[in-house]
**Q** 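Okay, here's the structure, questions in a sec.
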Number of protein chains: 2
Amino acid sequence: MTTPTLTKNQSLVFDVLTKAEAPLSAYTILDKLRDHGFRAPLQVYRALDKLLEYGVVHRLESINSFVACAHPDENCHSHGLVAFAICESCGQVIEFHDHEVDHRLMDWLKSQKFKAEKSTIEIRGHCASCAA
Amino acid sequence: MTTPTLTKNQSLVFDVLTKAEAPLSAYTILDKLRDHGFRAPLQVYRALDKLLEYGVVHRLESINSFVACAHPDENCHSHGLVAFAICESCGQVIEFHDHEVDHRLMDWLKSQKFKAEKSTIEIRGHCASCAA
DNA sequence: TCAATTGCGTTATGCTATAACGTGTGCGAT
DNA sequence: ATCGCACACGTTATAGCATAACGCAATTGA
Ligand SMILES: [Zn+2]
Ligand SMILES: [Zn+2]
Ligand SMILES: [Zn+2]
Ligand SMILES: [Zn+2]
């Protein structure tokens, strides 16, 4: 369950994501790392694949972007769904977990004999600051 | 709230989606409509935009594809979230609604003073038939 | 030492989506 | 009637996202 030591490229990508204040696309990450020798998208995508596998980064499907996990210590992800509220003005992402939602969804899926593997729960809108 | 009369292009795209047994990408739709005079992606995307606006088609963010609404008559979408279970083997999509999940998510968002506008709930996995 | 695994770099390619321009048609206001 | 506007449409070009396929180097473990 513990995260393996990150390689150089993985560390660079992870650092960029942890310092960012909003989700980043793979190509934005690439641009930020050109000074560190990155030249091609694959260098970013390969690092992201590993970081996603380790659970320290999340992919936001609805905006084709990536964000560092907001709860790196809790290993909450192993036993529950993750949901994201994404502000369309400032880009801020709130990551949250709710076991009641989890169980409700899981029960429904079970009733359909559907074997869940990956889940995406993303709410786009405006955060408290941006809602005006 | 009633759906306007569809234009020719909108009807063609909608028909392709309703006859399909799995979600289709915009470019797959384009290929299926070349015989009907479609030549460029924009013809598909413009029709899809309208169909999405009318609520008769859904976009599946996690697989960049589109599917006809499974509950065209209920106007359930206006007052609740929609969730999808997507089989990664056969492509079958089960569309469902659950008010308890809705309310739970909405309550949480309200507590964060987050103003929700669009939501995405997609579960990928394997359907009863494909789960082997 | 040899084979298998893993990470890395590069080039090329494919898939997804939109920008920008111009045309034609219908329809209400003048 | 005709002007102005909104809307659908067609086309070309471009932007943005993601992976295939190749080869090399370092690591590991038998
Ligand atoms: Zn997380
Ligand atoms: Zn905001
Ligand atoms: Zn629907
Ligand atoms: Zn299936």
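When reading the values below, keep in mind they use all heavy atoms of this one structure, side chains included, and skip hydrogens, waters and symmetry mates. Note that the structure is a prediction, hence the values are computed from the model and not measured. Below, chains carry the letters A, B, ... as their sequence lines are ordered, and counting in each starts from 1.
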**Q** Ignoring backbone atoms, test whether A/Thr7 places a side-chain nitrogen or oxygen under 4.0 Å from the OP1 or OP2 oxygen of C/dC8.
**A** yes
**Q** If you restrict it to nitrogen or oxygen atoms, what contacts under 3.5 Å exist between nucleotides 15-18 of chain D and the protein, and what is each distance?
**A**
{"from": "D/dA18", "atom 1": "OP1", "to": "A/Arg59", "atom 2": "NH1", "distance (Å)": "3.4"}
{"from": "D/dA18", "atom 1": "OP1", "to": "A/Arg59", "atom 2": "NH2", "distance (Å)": "2.1"}
{"from": "D/dA18", "atom 1": "OP2", "to": "A/Tyr45", "atom 2": "OH", "distance (Å)": "3.0"}
{"from": "D/dA18", "atom 1": "O5'", "to": "A/Tyr45", "atom 2": "OH", "distance (Å)": "3.4"}
{"from": "D/dA18", "atom 1": "N7", "to": "A/Tyr27", "atom 2": "OH", "distance (Å)": "2.8"}
{"from": "D/dA18", "atom 1": "N6", "to": "A/Tyr27", "atom 2": "OH", "distance (Å)": "3.3"}

**Q** One character per nucleotide, please: for nucleotides 21-29 of chain D, 5' to 3', B when the base has a protein heavy atom closer than 4.0 Å, S when only the sugar-phosphate does, - otherwise.
**A** B--------
**Q** Cut-off 3.5 Å, side chains only: do A/Glu122 and A/Ser62 have a donor facing an acceptor?
**A** yes
**Q** Examine distances only and state if a side-chain atom of B/Thr28 and a backbone atom of B/Leu24 form a donor-acceptor pair shorter than 3.5 Å.
**A** no
**Q** Are B/Phe114 and A/His126, when compared by the centres of their aromatic rings, separated by less than 6.0 Å?
**A** no
**Q** What is the distance from CG of B/Leu48 to C1' of D/dC9, rounded to the nearest Å?
**A** 15 Å
**Q** Would you say B/Gln43 reaches D/dC9's phosphate, i.e. side-chain N/O to OP1/OP2 under 4.0 Å?
**A** no
**Q** What is the separation between atom CZ on A/Arg34 and atom C1' on C/dG9, rounded to the nearest whole Å?
**A** 14 Å
**Q** Would a 4.5 Å heavy-atom cut-off, applied to side chains only, mark A/Lys50 and A/Val57 as touching?
**A** no
**Q** Can you find a pair of side-chain heavy atoms, one from A/Phe84 and one from A/Leu60, that are under 4.5 Å apart?
**A** yes
**Q** So, OP1 or OP2 of D/dA8: does either fall under 4.0 Å of a side-chain N or O from B/Lys50?
**A** yes
**Q** Would you kindly give the CD-to-C1' distance between A/Glu61 and C/dA17, to the nearest whole Å?
**A** 17 Å
**Q** Whole-Å distance between C/dT16 P and B/Asp31 CG?
**A** 10 Å
**Q** From CG of A/Leu6 over to C1' of C/dT6, roughly how many Å is that when rounded to an integer?
**A** 15 Å
**Q** For B/Arg39, give me all partners under side chain to side chain contact (heavy atoms under 4.5 Å, CB included), at least two apart in sequence or on another chain.
**A** B/Gln43
**Q** I need the CG-P distance between B/Leu30 and C/dT18, as an integer number of Å.
**A** 15 Å
**Q** Rounded to whole angstrom units, what separation is found between the CZ atom of A/Phe38 and the P atom of C/dG7?
**A** 14 Å
**Q** With side chains defined as the heavy atoms from C-beta onward, is the minimum distance between B/Cys127 and B/Ser89 less than 4.5 Å?
**A** no
**Q** When you check the side-chain N and O atoms of B/Arg124 and A/Thr120, is any donor under 3.5 Å from an acceptor?
**A** yes
**Q** Could you state the CG-P distance from A/Leu52 to D/dT19, rounded to the nearest angstrom?
**A** 11 Å
**Q** Any heavy-atom pair between the side chains of B/Thr18 and B/Val56 that's under 4.5 Å?
**A** no
